[in-house]
Amino acid sequence: MGFLTGKRALIAGIASTRSIAWGIAQAMHREGAELAFSYPNDKLKGRVEKCAGELGSDIVLPCDVTSDEEIGSLFLTLGERWDGLDILVHSVAFAPAGELEGLYLDAVTRDGFRVAHEISSYSFAAMGKAAAALMDGRNGAMVTLTYIGSMRSMPGYNVMGLAKASLEANVRYMAQSLGGRGIRVNGISSGPIRTLAASGIKNFKTMLGHFEHVSPLGRAVTIEEVGNVAAFLCSDLASGITGEITYVDGGFNTVGISDYFVSGAAE
Ligand code: NAD
Ligand code: 0WE
């Protein structure tokens, strides 16, 4: 029997079968969870429906996270289909493309800052608020996806780094807000993965190569590896963990000077 048997999970953030949210959905399905999905616009509806179908779900609902109305009706409809919710997966981020190249101070604008923070951080609180109403009395759990660009500067990550720093603080404040209701809130800081959100990022290949050289495991992480940790964090196996950011990055964040530069690079 899977460790999520009997749990019901809503997954926001599938755009393709490369999406981290797809890795999470597969892991949660494998562990016995029943799944529902949201999509932001008609362009992605068909794709998300196909993914849902593959995991035995026919609950696929619209939700552009910039709209309070759409968030409201998502959870209203979900509450009609299910008598409660156990798991919320938030795997959503966006900054206008112009924000993600060049030096931070050259790229950042008032509007880009607002959009990045609204979609990539506030949306977790907005969804979390609405989801919590369906989670009372059920050991609920929420998880979001973040990146080390929140803690350290990274070329081109720019305003997304600030938005992820805000998202990580959001995890801690949401954990405090919901702890009394038995609801846990955590984040996963993933290493770089080739997804739609990474395609079109200038120098992504170079940065992935650097990551592979520096990280102790010597390779990129996969959506399956992130999926397994998300499934664990949202399960009762993790009942003592909340407000935490767990790194799934092959150890990259733990390295000071990589061994590669001392012994590997010279050969
Ligand atoms: P992805 O492009 O597959 O997923 C991003 C999702 O955000 C898409 O499904 C997109 O539809 C959704 N989204 C954007 N704007 C939205 C809106 N207004 N309303 C609703 N949904 C919206 O890419 P991914 O890499 O799987 O990204 C998922 C999460 O993982 C993001 O938070 C990202 O920052 C984070 N992350 C990614 C990496 C990486 O290297 N790929 C590393 C660490 C963290
Ligand atoms: O969080 C992300 C990317 C999120 C993202 C991606 C895009 C591309 C398309 C947010 N907004 C947009 N807007 C678009 O128009 N990652 C962790 C992946 C990523 O993005 C980078 C990275 C890495 C890693 C950008 C610069 C440097 C490294």
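As the structure lists them, so they are numbered: ligands from 1, and atoms in each ligand from 1. Positions are given from 1, in the same order as the sequence printed here.
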Original post:
Taking side chain as C-beta onward, heavy atoms only, is Phe75 less than 4.5 Å from Leu134?
Top reply: yes
Subject >> Electrostatic pair Arg184-Asp236, nearest N-O below 4.0 angstrom >> reply: no
Original post:
Aromatic rings Phe124 and His90: how do their planes relate, parallel, tilted or perpendicular, breaks at 30° and 60°?
Top reply: tilted
**OP:** Could you establish whether Gly200 and ligand 2 come within less than 4.0 Å of each other, counting only heavy atoms on the residue side?
**Re:** no
Original post:
Relative to ligand 2, is Tyr147 under 4.0 angstrom through side chain, backbone, both or neither, heavy atoms considered?
Top reply: side chain
**OP:** Look at the rings of Tyr157 and Tyr147 and say which category their plane angle falls in: under 30° parallel, 30 to 60° tilted, over 60° perpendicular.
**Re:** perpendicular
Original post:
With a cut-off of 4.0 Å, which atoms of ligand 2 are near a heavy atom of Gly156?
Top reply: 26 (C)
**OP:** Examine the proximity of ligand 2 to Met207 and report which part, side chain or backbone, both or neither, has a heavy atom under 4.0 Å away.
**Re:** side chain
**OP:** Report yes if some N/O of Ser199 lies less than 3.5 Å from some N/O of ligand 2; otherwise report no.
**Re:** no
Original post:
Please state which protein non-hydrogen atom is closest to atom 6 (C) of ligand 2 and give its distance, to 0.1 Å?
Top reply: Ala197 O, 3.0 Å
Subject >> Pair Thr109-Asp111, side-chain donor/acceptor within less than 3.5 Å >> reply: no
Subject >> Subset of ligand 2 atoms that lie under 4.0 Å from at least one heavy atom of Pro155 >> reply: 26 (C), 27 (C)
Subject >> Hphob cluster co-occupancy, Val248 + Val185, side-chain heavy atoms under 4.5 angstrom >> reply: no
Can you give me a line-by-line list of nitrogen or oxygen pairs between ligand 1 and the protein shorter than 3.5 Å?
residue  : atom   : partner : partner atom : Å
ligand 1 : 2 (O)  : Ala197  : N            : 3.2
ligand 1 : 3 (O)  : Ser19   : OG           : 2.5
ligand 1 : 9 (O)  : Gly13   : O            : 2.9
ligand 1 : 9 (O)  : Ala15   : N            : 3.4
ligand 1 : 18 (N) : Asp64   : OD1          : 3.0
ligand 1 : 19 (N) : Val65   : N            : 3.0
ligand 1 : 23 (O) : Thr195  : OG1          : 3.2
ligand 1 : 25 (O) : Thr195  : OG1          : 2.5
ligand 1 : 26 (O) : Ile20   : N            : 2.8
ligand 1 : 32 (O) : Val92   : O            : 3.4
ligand 1 : 32 (O) : Lys164  : NZ           : 2.9
ligand 1 : 34 (O) : Lys164  : NZ           : 2.8
ligand 1 : 40 (O) : Ile193  : N            : 2.8
ligand 1 : 40 (O) : Ile193  : O            : 3.3
ligand 1 : 41 (N) : Ile193  : O            : 3.0
ligand 1 : 41 (N) : Thr195  : OG1          : 3.2

**OP:** Answer yes if a protein heavy atom lies under 4.0 Å from atom 22 (C) of ligand 2, otherwise answer no.
**Re:** yes
**OP:** Please indicate whether any nitrogen or oxygen in Ala95 is less than 3.5 Å from any nitrogen or oxygen in ligand 2.
**Re:** yes
Original post:
Would you call Ile87 and Leu4 a side-chain contact if the rule is heavy atoms closer than 4.5 Å?
Top reply: yes
Subject >> Residues Asp68 and Lys129 bridged, charged N to O under 4.0 Å >> reply: no
Original post:
Considering only heavy atoms of Ala97, which atoms of ligand 2 have at least one such atom less than 4.0 Å away?
Top reply: 15 (O)
**OP:** Would you mind reporting whether Asp86 and Met135 have side-chain heavy atoms less than 4.5 Å apart?
**Re:** no
**OP:** Would you confirm whether Lys164, through its side chain, and Leu145, through its main-chain N or O, come within 3.5 Å as a donor-acceptor pair?
**Re:** yes
**OP:** Ignoring hydrogens and angles, tell me if any N or O in the side chain of Ser38 forms a donor-acceptor pair with the backbone of Leu61 under 3.5 Å.
**Re:** no
**OP:** For the pair Arg8 and Glu34, find out whether any cationic side-chain nitrogen is under 4.0 Å from an anionic carboxylate oxygen.
**Re:** yes
Original post:
Of all the non-hydrogen atoms in the protein, which one sits nearest to atom 19 (C) of ligand 2, and at what distance?
Top reply: Tyr157 CE1, 3.9 Å
Subject >> Nearest-neighbour protein heavy atom for atom 25 (C) of ligand 2, which is reported as residue plus atom name and distance >> reply: Ile201 CG2, 3.3 Å
